[in-house]
Amino acid sequence: MTDLRRLLSQALSSALDAACPDHPVAAPTVGPCQDPRFGDYQSNAAILAAAALKRPPRELAEAVVGALKAESLCAKVEVAGPGFINFHLLPFRIAALLSEMADDPCCGIPPAEKPKRIVVDFSSPNTAKAMHVGHIRSTFLGDALARIARAVGHEVITDNHLGDWGTQFGMLIHGYRRFLDREAEKKDPVTEFERLYRLVSAQAEAEASTREAARRELAALHAGDPENLRIWKEIADLSFTEFEKTYRRLGVRFDHHLGESFYNPQLPGVVEELCRLGIAEESEGAVCIFFRNDPALKDVAPMIVRKKDGAFLYATTDLATVRHRVREWKAEEMLYVTDARQQLHFKQVFSAAARWAAAPGNTLLPSLDARPPALRHIVFGTILGADKKPIKTRTGNPIKLTDLLDEAESRALGMIEERNPELTPSARPAAARAIGIGAVKYADLSQNRNLDYVFDWKKLLALQGNTAPYLIYAYVRIRSIFRQDGAAEAATEALETTSVLSHETELALAKKLIQFGDAVHSVLDDCRPHLLANYLYDLATRFSRFYEACPVLKAPEPERAARLFLCGLTARTLRRGLDLLGIETIEEM
RNA sequence: GCGCCCGUAGCUCAGCUGGAUAGAGCACCGGUUUUCUAAACCGGUGGUCGGGUGUUCGAGUCACCCCGGGCGCGCCA
């Protein structure tokens with residue numbers, strides 16, 4: 001679909017060349033105006049060029065506008081303020097863009113100029129433990145980023161790096177052998193594993209014999225004891241089955257779930273290679289990587305890749321994981337969606353991986369001319385309770401994700417029954433699910449990810465404000481129009497009539513619609529899905545204003561057809577946008 | 001002590017990476033329905049953008065210094 005900003009930028013670039021050939025502005029940026037009174041799009045390129053050339057900015061801007069050839073796009077181009085160039089689009093061009101967008105299977109999202117193969121690493125729950133609020137942000141952010149990266153044409157591989165090989169298995173296996181309740185395991189395996197772990201860990205604290213027993217079970221597991229391996233696998237499989245239920249409920253999908261255990265056999269080789277290449281060295285009995293030449297890391301503790309007892313750590317696993325993704329998957333970029341507390345760890349891993357990739361004779365890169373991967377830590381803050389402390393249950397435990405989702409759905413169901421008793425009972429569960437789970441996801445995704453946020457049921461389920469229910473309600477209102485007699489067929493033949501858009505709320509809505517592609521792309525600049533959420537909220541707000549001001553079905557032709565067209569395109573954009581955030585829409589609520 | 005993140009309306013948050021008169025929702029006050037879901041929409045009240053210095057045509061945004069809060073810093077993940 002036509003990239004409006006690029007066309008304006010190119011026109012502006014030519015005009016700049018003509019007006020002052022020695023200007024230094026390589027690619028003039030054109031963006032939407034903040035205030036609609038100024039116009040539709042604007043650029044500060046003339047001000048920047050004038051500053052560099054020490055010329056009066058307004059004068060230069062006037063010259064640029066004089067040389068500008070944009071009659072096919074703009075009704076008016078004018079200079080304002082200190083030298084801004086403001087573009088006023090031709091209404092029929094807006095209509096033409098809307099028609100293009102409606103015909104575009106990609107909903108007007110332009111493809112990325114340079115498609116990449118990107119691994120998104122997110123969620124990563126621990127075996128034998130229930131998923132809890134701590135997994136929410138990683139799961140939602142990672143899934144949304146993967147969906148958005150795919151939508152613009154990147155090749156995305158999602159990978160769930162499960163915590164399935166920690167020291168906790170010593171205690172778990174000991175507990176399994178001594179205290180397992182088969183019935184409980186059958187009914188709710190993860191809860192039973194959690195019980196075993198708590199039981200043994202309490203005993204271990206009190207008595208040395210339990211500590212010793214757990215240590216022996218762990219050593220046996222590592223040595224390949226068949227029975228311990230079988231127990232380990234049973235625990236891992238049953239846990240994974242539980243995770244899958246939650247992911248299905250959330251609509252989250254992984255291409256791979258290569259946990260820590262997958263990399264375990266590679267770890268001795270990785271450490272050996274790092275030592276051989278001079279990247280790692282022994283220190284106080286452990287094998288460490290020091291960062292003496294890295295100004296940001298030289299003063300902090302080294303990264304340990306092998307403990308003095310010979311065990312490996314998650315730093316080791318993470319390095320092995322980088323290698324696997326580069327060699328086997330040809331990954332060019334990796335996004336690690338984990339919380340902010342792991343920043344130092346990832347800085348170290350990334351720094352070590354860069355040295356590894358640069359070392360002659362390394363096995364990280366598949367070939368000599370292969371480029372090292374871009375590794376990015378997608379940081380996010382903590383979810384807080386009303387007391388501004390990390391959210392917990394009353395007893396101080398993390399809130400289980402399934403409990404949270406159950407509560408979201410039941411609250412949403414209550415809302416629906418109260419506000420719209422006429423909704424047929426059979427449609428209620430699906431609506432409650434979409435609204436409840438969508439609200440929890442949206443609360444997370446609509447906020448700047450690197451901030452902590454306060455979890456508040458009342459706010460996230462509110463029908464007013466920047467919430468999923470508000471967006472879904474806007475969608476539902478549109479769909480309701482199309483269920484009326486005679487609406488459906490009219491919408492398909494509206495394309496030529498879109499030039500009748502004249503009401504200010506129609507134009508405001510139309511101008512927002514054509515920015516959808518920009519909004520989607522802006523997310524990937526810095527992996528911030530809330531930019532798309534902000535866009536959708538603004539779009540829904542503009543739709544609501546239009547809906548109040550302009551009757552659709554009762555309008556005379558050709559307005560009626562044009563408005564139906566706008567409604568149809570708005571619905572499609574809202575649905576696609578919410579889908580990119582991993583949020584379902586429904587037809588009625 | 002060192003490092004990272006943060007501080008915007010009474011509360012919860014945006015602010016398009018340096019643009020024009022800083023915006024939403026909640027709360028408070030008032031208005032809108034013979035019309036497609038009023039679960040909505042419109043208007044009003046509310047600001048020393050933590051403080052200071054600097055950079056420049058222009059700073060909530062960038063730099064430096066303070067103040068305040070959160071998190072992290074050798075054998076956990």
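These numbers come from a predicted model, not from an experiment. Within every chain, numbering begins at 1; the chains are lettered A, B, ... in the order of the sequence lines, protein sequences first and strands thereafter.
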Tell me the ring pair (Phe, Tyr, Trp, His ring centres under 6.0 Å) pairs involving residues 285-319 of chain A, sequence neighbours left out? A:Tyr314-A:His345
Taking RNA chain B as the partner, which of residues 462-469 of chain A come within under 4.0 angstrom of it by heavy atom? A:Leu463, A:Gln464, A:Gly465
If anything within 90° of 0 is syn and all else is anti, what is B:U17? syn
Residue among A:Ile383, A:Val454, A:Thr382 satisfying side-chain contact (heavy atoms from CB on, under 4.5 Å) with A:Ile391: A:Ile383
Could you say whether A:Ser544 or A:Gly285 is positioned toward the 5' end of RNA chain B, judged by the nucleotide with the nearest heavy atom to each? A:Ser544
Nearest-angstrom distance from the residue atom CD of A:Gln342 to P of B:C5: 17 Å
Angle between ring planes, A:Phe240 versus A:Phe243, binned at 30° and 60°: parallel, tilted or perpendicular? perpendicular
Readout for nucleotides 12-21 of chain B: B = base within 4.0 Å of protein heavy atom, S = sugar-phosphate only, - = neither; 5' to 3' it is BSSSBB-BBB
Going by atom type alone, with no hydrogens or angles, which donor-acceptor pairs under 3.5 Å involve a side-chain atom of residues 460-469 of chain A and a protein atom two or more places apart or on another chain?
{"from": "A:Asn466", "atom 1": "OD1", "to": "A:Tyr442", "atom 2": "OH", "distance (Å)": "2.5"}
{"from": "A:Thr467", "atom 1": "OG1", "to": "A:Ala462", "atom 2": "O", "distance (Å)": "2.6"}
{"from": "A:Thr467", "atom 1": "OG1", "to": "A:Tyr470", "atom 2": "N", "distance (Å)": "3.2"}

Show me, range against range, the stems involving RNA chain B, built from at least 3 consecutive Watson-Crick or G-U pairs below 3.5 Å. B:1-7 with B:67-73, B:10-13 with B:23-26, B:28-32 with B:40-44, B:50-54 with B:62-66
For A:Glu548 and B:U32, give me the distance from atom CD to atom P, rounded to whole Å. 14 Å
Check ring-ring contact (aromatic ring centres under 6.0 Å, His included) between A:Tyr197 and all other residues, then give those that pass, not counting sequence neighbours. none
A:Trp232-A:His222 aromatic ring centre distance below 6.0 Å: no
Could you tell me how far apart A:Tyr263 (OH) and B:A77 (C1') are, to the nearest whole angstrom? 16 Å
